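Data first, discussion second: the structure below is written as structure tokens.
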Amino acid sequence: MDSSKNPIGLFDSGIGGTSIWREINNLLPNEDTIYLADSKNAPYGQKSKEEILHLSIKNTEFLLEQNCKLIVVACNTATTNAIKELREKYSIPFIGIEPAIKPAALQTKTGTVGILATKGTLNSELFHKTVAGLHDIKIMEQVGFGLVQLIEEGKLGSAELDTLLEQYLKPMIEANIDCLVLGCSHYPYLIPQIKKILPTHVKIIDSGEAVARQTKKILEKNSLINKDNDNAKQVFYTNANPSVLQMIIGSSYKVNESDF
Ligand code: DGL
């Protein structure tokens with residue numbers, strides 16, 4: 001059966017994964033997409049592996065009911081804790097997002113790299129494995145306590161976020177990092193505020209574009225590219241207050257409320 005006309009599904013604990021959706025939509029404008037913001041259950045970052053897996057399965061089942069041909073786990077926490085199990089359980093391709101620590105290790109000149117991510121990502125086996133493979137690099141890990149909650153509350157640009165970011169980034173600046181890895185799909189929305197704090201020579205690295213390129217590659221490999229779809233549909237669902245998601249994606253898209 002030709003499923004190339006079916007949509008790409010994406011899910012995140014909330015609105016953060018729209019940073020990934022944006023990159024995918026730019027690179028693959030002919031693809032229909034369905035985005036799930038599981039904001040009712042945000043943040044995932046402080047939950048146990050079992051809880052994250054349970055929520056990831058729930059989101060996947062909803063997207064499969066809508067006939068998604070491929071699922072992008074647009075959440076570092078869910079990827080690092082659940083993608084292996086999702087790939088074992090379901091037959092469609094899954095694309096995950098992981099902190100871009102390897103590209104940062106290749107780019108650093110000072111040999112010190114900072115990473116801001118959730119507790120669930122930094123404690124995951126997958127992340128530990130990645131870090132263990134890097135030698136002669138000092139990695140400063142920082143859990144972004146409170147950041148996702150404030151973003152989910154629509155407080156982008158707020159003084160509360162400035163205070164937390166200063167607290168998390170100052171020790172990294174003092175340790176002479178020259179790369180900062182954003183290990184959570186919510187954090188690209190903090191870049192304007194982060195830039196005000198970091199010295200200009202520090203590179204901010206996130207994984208959005210790489211995920212979009214990987215999505216394209218896997219669609220091509222599986223003959224799943226949607227050709228000749230000039231009127232691609234972008235569908236958004238949330239199970240919490242829709243206003244912040246609406247603000248993030250803009251008024252040209254509709255947000256559907258659903259208790260998935
Ligand atoms: N956006 C998510 C991530 O990439 C999850 C953040 C959270 O819910 O704690 O990790």
Side-chain angles (χ1 to χ4, degrees), residues 9-24 35-60 63 71-84 86 94-101 104 114-128 130-131 141-156 161 164-165 168 180-191 193-194 204-212 214-215 236-241 244-245 248-249 260:
L10 301 97
F11 74 84
D12 179 40
S13 63
I15 61 169
T18 54
S19 63
I20 313 296
W21 164 79
R22 225 176 278 284
E23 299 289 351
I24 290 178
Y35 181 90
L36 291 195
D38 191 15
S39 295
K40 187 173 80 181
N41 295 302
Y44 282 9
Q46 304 291 105
K47 296 188 193 301
S48 68
K49 181 178 164 68
E50 287 67 35
E51 284 174 293
I52 297 166
L53 182 57
H54 171 77
L55 293 168
S56 299
I57 289 175
K58 166 190 76 74
N59 298 333
T60 298
L63 290 170
I71 291 179
V72 179
V73 182
C75 172
N76 291 259
T77 312
T79 298
T80 50
N81 285 278
I83 201 160
K84 185 168 166 275
L86 294 175
F94 283 84
I95 309 291
I97 175 165
E98 282 180 65
I101 201 89
I115 170 160
L116 199 56
T118 68
K119 188 168 157 223
T121 294
L122 295 177
N123 284 348
S124 68
E125 216 184 299
L126 200 59
F127 181 72
H128 288 158
T130 309
V131 170
E141 296 176 18
Q142 173 65 53
V143 174
F145 293 112
L147 299 177
V148 167
Q149 286 95 320
L150 288 169
I151 297 168
E152 287 288 319
E153 286 167 23
K155 294 199 174 145
L156 281 176
L161 273 171
L164 287 181
L165 287 170
Y168 300 154
L180 173 69
V181 176
L182 301 184
C184 169
S185 56
H186 281 70
Y187 298 169
Y189 290 114
L190 298 175
I191 289 175
Q193 280 179 279
I194 291 175
I204 301 171
I205 303 178
D206 73 73
S207 321
E209 259 184 72
V211 172
Q214 180 67 3
T215 303
F236 294 85
Y237 286 99
T238 181
N239 53 14
N241 182 345
V244 182
L245 178 58
I248 290 272
I249 59 171
F260 56 84

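From a predicted model like this one, the values you see are computed outputs, not experimental measurements. No hydrogens, no waters, no symmetry mates; every other heavy atom, side chains included, goes into these values. Counting starts at 1 for both ligands and their atoms, in listed order.
An N or O contact shorter than 3.5 Å links Gly45 to ligand 1 by distance.
Among protein heavy atoms, atom 10 (O) of ligand 1 sits closest to Thr77 OG1, 2.6 Å. The shortest contact between atom 5 (C) of ligand 1 and any protein heavy atom is with Ser13 OG, 3.3 Å. Closest to atom 1 (N) of ligand 1, if we only count protein heavy atoms, is His186 ND1, 2.7 Å.
A donor and an acceptor atom, one from each side chain of Tyr44 and Ser56, are nowhere located under 3.5 Å apart.
Counting all heavy atoms, side chain and backbone alike, His186 lies closest to Val148 at NE2-CG1, 3.8 Å. The shortest non-hydrogen separation linking Thr79 to Val73 is OG1-O, 3.3 Å.
Atoms of ligand 1 lying under 4.0 Å from at least one heavy atom of Tyr44, given by number and element, are 7 (C), 8 (O), 9 (O). When each atom of ligand 1 is checked for a heavy atom of Thr118 under 4.0 Å away, the hits are 6 (C), 9 (O), 10 (O).
Residue contact check for ligand 1: Gly16 places no non-hydrogen atom closer than 4.0 Å to it.
Of the candidates Asn81, Thr77, Asn76, Thr118 forms a side chain to side chain donor-acceptor pair (under 3.5 Å) with just one, namely Thr77.
Around CD of Gln46, the count of heavy atoms belonging to other residues, nucleotides or ligands within 6.0 Å exceeds 12.
Of the possible polar contacts, none joining the Gln193 side chain to the Leu190 backbone as a donor-acceptor pair under 3.5 Å is found.
If you look at Ile97 next to ligand 1, there are no close heavy atoms at all, none under 4.0 Å.
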